[in-house]
Number of protein chains: 2
Amino acid sequence: MATGRTHRPATRSRGIPEATVARLPLYLRALTALSERSVPTVSSEELAAAAGVNSAKLRKDFSYLGSYGTRGVGYDVEYLVYQISRELGLTQDWPVVIVGIGNLGAALANYGGFASRGFRVAALIDADPAMAGTPVAGIPVQHADELEKIVSDNGVSIGVISTPAGAAQQVCDRLVAAGVTSILNFAPTVLSVPDGVDVRKVDLSIELQILAFHEQRKAGEEAAAGDDVDQAAPPVRAAASSSRKGPDGDMPAVMPA
Amino acid sequence: MATGRTHRPATRSRGIPEATVARLPLYLRALTALSERSVPTVSSEELAAAAGVNSAKLRKDFSYLGSYGTRGVGYDVEYLVYQISRELGLTQDWPVVIVGIGNLGAALANYGGFASRGFRVAALIDADPAMAGTPVAGIPVQHADELEKIVSDNGVSIGVISTPAGAAQQVCDRLVAAGVTSILNFAPTVLSVPDGVDVRKVDLSIELQILAFHEQRKAGEEAAAGDDVDQAAPPVRAAASSSRKGPDGDMPAVMPA
DNA sequence: TACTGTGAACATGTTCACAGCC
DNA sequence: GGCTGTGAACATGTTCACAGTA
């Protein structure tokens, strides 16, 4: 079959669901651990447990990649590691730059999980001239002026932004202008980018807020009653005074001034 | 209405969709920014743009909280800030502990986004005795032996784990035993916890892998053809030799030994 | 026998488009 | 007129349950 990508199930062709893609790294991590322990074969049940998902989901996920298992036996660990790595594009080398070398940038530079997955930290970049030359994780920090040159010289297509929020959009613009097409953003800002550029964000405080939401639910589960556990005085609604129909926990019918 | 939570739309009662909950912090951040600029009112369109979502989604999300807008006008900024904060449980104070004070732990301790959202770092904990007493972000690091005491003395219900992977499960078990019921895990491991305990994970390398997946797609978009851009030699499949039907990018029909 | 692979049922999430209201 | 709020249509994701097979 030399005519490239022509066969394929034809039904969903080249569309691995996003939800599945997001779990592949999880499976890969679990498989890598098994591989290191020289486990030759694993069942969907075992692997699912190791990855923290249920086995039906795992099998469904794998079915999008192809039929890589053996009925009655399970999956060949090494083989699956290879297939998932290839699917994720980890059989090639991805040079990345990290911009903004504070505590977080340093943590990222030191993070072992990158190197072991085909990601190579091509450069660390910071706007503070005092940092230039200082090695972090064995890599000397370069000044932001060099950004464009670094990106093009190294063929960097993935950039990591760990600057303060205020600098993020500008850094992003420069990365994109220099040729970066994927950005991992740790700064708590919405980045705007042209079409064709992917952004993923990781916001440390958002995750905590989601936990707080659920935590609050647990507390109020059956101890309910308390409609005014609030301690902060609710602000007054601007205009209209009537007609709100928010669920419970609502403010008093006429809001305090 | 002293009889607590009795009214409510009755249809979906107390179920804000997870996807909506996950976006509330985003809206809150955008609203806070508007509030700081003393903007009194905002339309779904404007706010959606600021939060990086589309306006239909935003309106739908808000509709789960109640009818907090004014037709023809928009939403009152201060009022919405309050409502969302309350919904997320941020009108109360959440003491958190951070366990594992490496670069990442330090980054978290320094992160301004916590304090400003009702999260108070009650303690920093590390297993390294040499760190004990050293202040990080103005808070002295305490030894891991103190973990249980710290958690119960401070009524901590949310714990953050930023230890190496190997230590995470043990730390998790101790946190849970001490009374923590929500955990934010930065260690690249699957944590197992009893029912009733929430875990959210943030994995720095997983996000990069997802980007790599999409990046790979972009590259191969129309330059397709190359069925063997692979450079790493594919491992041999254990047993059976025939009958795989993976989509394109498959290995040669008979795998090389 | 013990497993995978997968249709079909179900659940959740998103978008559309417009009625309702200020 | 210009906005919100929301049913209804659609899209995506998850789970079930079992046929197929090494």
Side-chain angles (χ1 to χ4, degrees), chain A residues 9-24 26-27 39-49 51-77 79-80 83 210 237-247, chain B residues 9-13 15-24 26-27 40-49 51-77 79-80 83 210 237-247:
Chain A
T11 30
R12 61 132 241 298
S13 238
R14 206 73 285 251
I16 298 180
E18 264 306 305
T20 295
V21 172
R23 281 186 295 263
L24 292 181
L26 238 57
Y27 301 142
V39 176
T41 271
V42 68
S43 71
S44 64
E45 200 73 51
E46 295 163 332
L47 183 53
V53 304
N54 69 53
S55 63
K57 200 185 296 193
L58 177 143
R59 288 200 304 277
K60 191 63 145 183
D61 284 343
F62 286 179
S63 80
Y64 294 120
L65 308 183
S67 298
Y68 293 152
T70 307
R71 290 169 210 246
V73 178
Y75 301 91
D76 179 80
V77 172
Y79 185 69
L80 249 194
Q83 290 298 345
I210 297 171
R237 185 98 176 286
S241 53
S242 56
S243 82
R244 230 172 334 83
K245 56 165 202 277
Chain B
T11 29
R12 63 134 237 300
S13 235
I16 297 179
E18 264 305 306
T20 295
V21 172
R23 281 187 295 265
L24 292 181
L26 238 58
Y27 302 142
T41 272
V42 68
S43 71
S44 64
E45 201 73 52
E46 295 163 331
L47 183 54
V53 303
N54 70 52
S55 62
K57 201 185 295 193
L58 177 142
R59 288 201 302 279
K60 191 63 144 184
D61 284 343
F62 286 179
S63 81
Y64 293 120
L65 308 183
S67 297
Y68 293 153
T70 308
R71 289 167 210 245
V73 178
Y75 300 92
D76 179 79
V77 171
Y79 185 68
L80 250 194
Q83 289 298 345
I210 297 172
R237 186 98 177 287
S241 52
S242 56
S243 82
R244 231 175 331 86
K245 55 166 201 276

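Sequence lines set the chain letters: A, B, ... in the order given, protein chains first and strands last, and positions in each chain run from 1.
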[X] [atom1] to [N] [atom2]: how many Å, rounded?
X     : N      : atom1 : atom2 : result
A:E45 : C:dG5  : CD    : P     : 14 Å
B:R59 : D:dG2  : CZ    : C1'   : 11 Å
A:I16 : D:dG13 : CD1   : P     : 12 Å
B:Y79 : D:dT4  : OH    : C1'   : 15 Å
B:R71 : C:dC22 : CZ    : C1'   : 9 Å
B:L58 : D:dT6  : CG    : P     : 14 Å
B:F62 : C:dG13 : CZ    : P     : 17 Å
A:K57 : C:dT12 : NZ    : P     : 12 Å

| query | Of B:E18 and B:V73, whose closest DNA chain C nucleotide lies nearer the 5' terminus? | reply |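 Nearer the 5' end of the strand: B:E18.
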Are any of [X]'s side-chain N or O atoms less than 4.0 Å away from OP1 or OP2 of [N]?
X     : N      : answer
B:N54 : C:dT15 : yes
A:S44 : C:dT4  : yes
A:K60 : C:dG5  : no
B:R23 : C:dT14 : yes
B:Y75 : D:dG5  : yes

| Hey, is the main chain of A:V73 close enough, under 3.5 Å, to the side chain of A:T70 for a donor-acceptor pair? | no
| Minimum-distance pair of heavy atoms, taken over all atoms of A:R23 and A:D61 |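 Taking A:R23 first and A:D61 second, the nearest heavy atoms are NE-OD2, 2.7 Å.
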| request: Heavy atoms only: give me the nearest B:F62-B:L80 pair and the separation to one decimal. | output: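 Heavy atoms only, the tightest pair is CE1-CD1, 3.3 Å.
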| request: Between A:A56 and A:G72, name the one whose nearest nucleotide on DNA chain D is closer to the 5' end. | output: A:A56
| Distance from A:I16 atom CD1 to A:Y64 atom OH, nearest 0.5 Å? | 10.0 Å
| Does the gap between the ring centers of A:Y68 and A:Y75 come in under 6.0 Å? |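 No: the rings miss the under 6.0 Å criterion.
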| Which one, D:dT14, D:dT6, C:dT4, comes nearest to the side chain of A:S43? | C:dT4
